[in-house]
There are 2 protein chains.
Amino acid sequence: MQSDCRHCPFKTKATSMLCDCSLDQLTANHLELKLKKGDSIIKQGTYSTNVVFLRTGLAKIHIAGPYTEQIVKMVNAPSYLGLPTTFGSKINQYSVTAVSDAEVCFIDLEVFQTILDENKEFNREIIQEFCKNELESFHRCANRTQKLIRGNMADALLDFADKIFKSDTFNLPLSQTEFANLVDTSRESVSRVLAEFDKDGIIRVSGRQIEILNKKSLILVSQNG
Amino acid sequence: MQSDCRHCPFKTKATSMLCDCSLDQLTANHLELKLKKGDSIIKQGTYSTNVVFLRTGLAKIHIAGPYTEQIVKMVNAPSYLGLPTTFGSKINQYSVTAVSDAEVCFIDLEVFQTILDENKEFNREIIQEFCKNELESFHRCANRTQKLIRGNMADALLDFADKIFKSDTFNLPLSQTEFANLVDTSRESVSRVLAEFDKDGIIRVSGRQIEILNKKSLILVSQNG
DNA sequence: TAATCAATGTGATGCATATCACAAAATTCA
DNA sequence: TGAATTTTGTGATATGCATCACATTGATTA
């Protein structure tokens with residue numbers, strides 16, 4: 001299925017800088033797909049010649065660690081997925097899975113490369129994106145390894161509220177096991193700490209519904225223990 | 001000091017793809033510097049409008065974590081440093097310090113951007129570099145957080161041997177405290193584990209001189225406990 | 001060459017958190 | 001609607017490792 005990319009309402013900042021001719025090229029060379037929660041978008045270990053554009057929805061990037069699956073980061077639309085893999089290695093080095101219903105476009109790598117070559121502004125934006133990711137990744141890693149569980153959980157919750165849902169009330173799109181993989185803990189600890197936060201009046205938990213009651217406290221927990 | 005970039009014997013793969021006119025532009029717009037072990041190359045928190053080219057030597061990228069300094073990765077020449085910062089934020093988000101004597105070139109960001117705009121091949125290589133880094137960073141983080149200390153230490157030692165020094169005998173360019181920051185442990189654990197590996201005949205340690213005696217074992221330790 | 005400071009070795013102790021082992025909900029599905 | 005499966009809650013136990021507290025060695029400098 002190919003809709004017209006010129007009028008796609010879900011452009012990234014980068015995409016909005018493309019000339020019409022490049023957009024037409026995209027239109028002619030992309031495959032649009034509707035996905036359901038849980039569907040795999042990119043599968044670690046498989047061969048890939050596509051860049052994926054996440055048009056709508058929320059996805060998790062995860063990687064098989066030495067022992068358990070680890071969720072590297074959450075990504076919400078609009079965003080390009082799989083760039084590192086496609087340019088870096090051809091074989092997908094990580095998986096991406098939809099955690100909500102989502103729409104994606106598969107774009108041929110060659111076409112993407114051409115567009116990258118021919119649009120300075122687009123190219124710059126994409127590079128900026130890489131830079132931002134690398135920095136984030138440095139910080140995330142330093143935090144994860146140094147902070148205690150409560151701190152990391154607080155971080156993750158703030159991230160969901162501020163970056164992903166832009167609201168202090170949201171539905172956790174992950175099971176506690178997945179959340180544990182994101183925060184580098186055990187499922188049990190997630191359960192316990194969530195209960196603690198609730199008891200302390202920092203958040204209200206009911207099922208997967210989370211409401212942040214006391215953001216200041218949550219930020220404090222994120223910074224200290 | 002400006003030497004001629006055309007005949008620089010330390011080009012990266014990317015740089016070797018530049019046209020002469022771009023190289024001349026580099027020649028006219030770079031500042032060459034000789035550094036000594038321990039000298040700071042990039043300082044977290046300071047303003048930056050330069051990309052740094054590490055011509056010769058070995059450097060550590062480190063970042064102030066919530067509690068301790070963390071060494072994110074080791075980089076050896078030839079390599080560009082500080083790209084994420086300059087494009088991503090202007091304020092340096094991490095530090096880079098020479099751990100051996102080194103030579104660096106400071107390149108104005110504007111000039112670098114222009115060159116990036118005008119050389120498709122160079123541009124592609126730099127993007128590839130970003131991709132590779134992102135993937136590495138995913139893997140490193142997953143390993144660090146999941147493996148036990150012995151595994152991480154083994155990893156780090158193998159990394160030094162294979163990637164940095166290309167030899168199974170080398171001089172650790174870091175103190176045990178720094179090594180601990182690289183591997184996410186305490187100084188004491190580094191000391192202990194190094195002694196264990198020595199006792200087990202996997203490596204020979206004398207001062208900072210390390211010789212890998214049984215690489216197979218070391219790889220096994222890296223994979224398991 | 002003594003004296004000061006930095007880097008390393010090593011035991012004892014405590015703590016955060018993984019793991020185990022279930023019970024209880026909640027969800028899926030037939 | 002009931003059975004089966006997944007998800008979640010919670011105590012008890014075990015353990016890897018940080019931290020503390022020194023001793024020792026090695027480097028630096030006056």
Side-chain angles (χ1 to χ4, degrees), chain A residues 36-39 60 65-71 97 99 142-157 171-200 203-210 221 224-225, chain B residues 36-38 60 65-71 97 99 142-156 171-200 203-210 221 224-225:
Chain A
K36 281 189 313 189
K37 176 179 165 146
D39 285 351
K60 60 174 180 180
Y67 299 108
T68 57
E69 196 75 8
Q70 176 151 2
I71 297 181
T97 304
V99 298
N143 282 329
R144 290 265 176 81
T145 50
Q146 287 182 29
K147 284 189 188 174
L148 302 184
I149 293 181
R150 287 169 57 92
N152 281 323
M153 297 247 328
D155 269 354
L157 290 174
N171 240 55
L172 248 198
L174 305 174
S175 73
Q176 291 189 359
T177 305
E178 288 177 298
F179 199 103
N181 292 340
L182 175 67
V183 178
D184 262 308
T185 342
S186 63
R187 193 216 93 225
E188 293 92 327
S189 293
V190 169
S191 173
R192 275 186 260 261
V193 172
L194 239 31
E196 276 174 42
F197 285 175
D198 184 299
K199 188 159 62 67
D200 296 349
I203 64 176
R204 157 163 299 116
V205 186
S206 65
R208 293 202 181 169
Q209 180 77 203
I210 303 253
V221 173
N224 314 311
Chain B
K36 282 188 312 186
K37 176 179 164 145
K60 61 174 180 181
Y67 300 108
T68 58
E69 196 75 8
Q70 175 150 4
I71 297 181
T97 304
V99 298
N143 282 329
R144 290 263 178 81
T145 49
Q146 287 182 29
K147 285 189 187 174
L148 302 184
I149 292 181
R150 287 169 56 92
N152 281 325
M153 297 247 328
D155 269 354
N171 240 55
L172 247 199
L174 305 173
S175 72
Q176 291 190 357
T177 304
E178 288 178 298
F179 199 102
N181 291 340
L182 176 66
V183 179
D184 261 309
T185 341
S186 64
R187 194 215 93 225
E188 293 91 327
S189 293
V190 169
S191 174
R192 276 184 259 263
V193 171
L194 240 31
E196 275 175 42
F197 285 173
D198 184 299
K199 188 158 64 65
D200 296 348
I203 64 176
R204 158 164 297 117
V205 186
S206 66
R208 293 203 181 169
Q209 180 76 204
I210 304 255
V221 173
N224 312 313

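We use all heavy atoms of the structure for the numbers below, so side chains are in, but hydrogens, waters and symmetry mates are not. Order of the sequence lines sets the chain letters (A, B, ...), proteins ahead of strands, with each chain counted from 1. This structure is a prediction, so every number in the text was calculated from the model and none was measured.
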Task: Side chain of A:Arg187 - closest among C:dT8, C:dA18, D:dG9 - done: D:dG9
Task: Donor-acceptor pair between A:Gln209 and A:Asn171 side chains, under 3.5 angstrom - done: yes
- [ ] Specify the separation, in whole Å, of atom CD1 of B:Ile210 and atom P of C:dT8.
- [x] 11 Å
Task: Value in whole Å for how far the C1' atom of D:dT8 lies from CZ of A:Phe197 - done: 18 Å
Task: Rounded distance (Å) that lies between atom C1' of C:dT10 and atom CD of B:Glu196 - done: 12 Å
Task: Pairwise distance CG(A:Asp184) to CG(A:Asn143) - rounded to 0.5 angstrom - done: 12.0 Å
- [ ] Give a yes or no answer on whether the side chain of B:Arg144 reaches the backbone of B:Leu182 with a donor-acceptor pair at less than 3.5 Å.
- [x] yes
TODO: Identify which one of B:Ser191, B:Ser186, B:Ser189 satisfies the side chain to side chain contact (heavy atoms under 4.5 Å, CB included) criterion when paired with B:Gln176.
DONE: B:Ser191
Task: DNA chain D-proximal residues of residues 142-155 of chain A, any heavy atom under 4.0 Å - done: none
Task: Nearest-Å distance for atom pair CZ/P, residues A:Phe179 and D:dG9 - done: 12 Å
TODO: For D:dG16, take OP1 and OP2 only and decide whether either is under 4.0 Å from a side-chain N or O of B:Ser189.
DONE: no
- [ ] Please name all residues satisfying salt bridge (charged side-chain N to carboxylate O under 4.0 Å, His left out) with B:Glu188, sequence neighbours left out, ordered by chain then number.
- [x] none
Open item on the list: For the CD atom of A:Glu178 and the NZ atom of A:Lys60, what is their distance to the nearest 0.5 Å?
Closed with: 3.5 Å
Open item on the list: I need the NZ-C1' distance between B:Lys37 and C:dA6, as an integer number of Å.
Closed with: 13 Å
TODO: Could you please name the option among D:dT10, C:dG9, D:dA18 that lies closest to any side-chain atom of B:Ser191?
DONE: C:dG9
- [ ] State whether the distance check finds a donor on one side and an acceptor on the other, under 3.5 Å, for side chain B:Arg192 versus base D:dT19.
- [x] yes
TODO: Compare side-chain N and O positions of A:Arg208 against OP1 and OP2 of D:dT7 and report whether any pair is under 4.0 Å apart.
DONE: no
Task: Between C1' of C:dA7 and CG of B:Leu194, the distance in whole Å - done: 13 Å
- [ ] Can you figure out which of C:dT19, C:dT10, D:dT10 approaches the side chain of A:Ser186 most closely?
- [x] C:dT19
- [ ] Look at B:Gln176 and C:dG9 and indicate whether a side-chain polar atom (N or O) is within less than 4.0 Å of OP1 or OP2.
- [x] yes
Task: Inter-end axis angle, the helix from C:dT1-D:dA30 to C:dA30-D:dT1, with every axis fitted to five base pairs (rounded, 10 degrees) - done: 50°
Task: Approximate separation, where rounding is to 0.5 Å, of B:Asp155 CG and B:Asn152 CG - done: 6.0 Å
TODO: Examine the base of C:dC20 for any acceptor or donor lying under 3.5 Å from a partner atom in the side chain of A:Glu188, and report the outcome as yes or no.
DONE: yes
Task: Donor-acceptor pair, side chain of A:Glu69 and main chain of A:Asn181, under 3.5 angstrom - done: no
- [ ] Report the distance from atom NZ of A:Lys199 to atom C1' of D:dT10, rounded to the nearest whole Å.
- [x] 13 Å
TODO: With the side chain counted from C-beta on, respond yes when B:Ser175 and B:Arg208 share a heavy-atom pair under 4.5 Å apart, and no when they do not.
DONE: yes
Task: Value rounded to 0.5 Å, distance of CZ in A:Arg192 from CZ in A:Arg187 - done: 8.5 Å
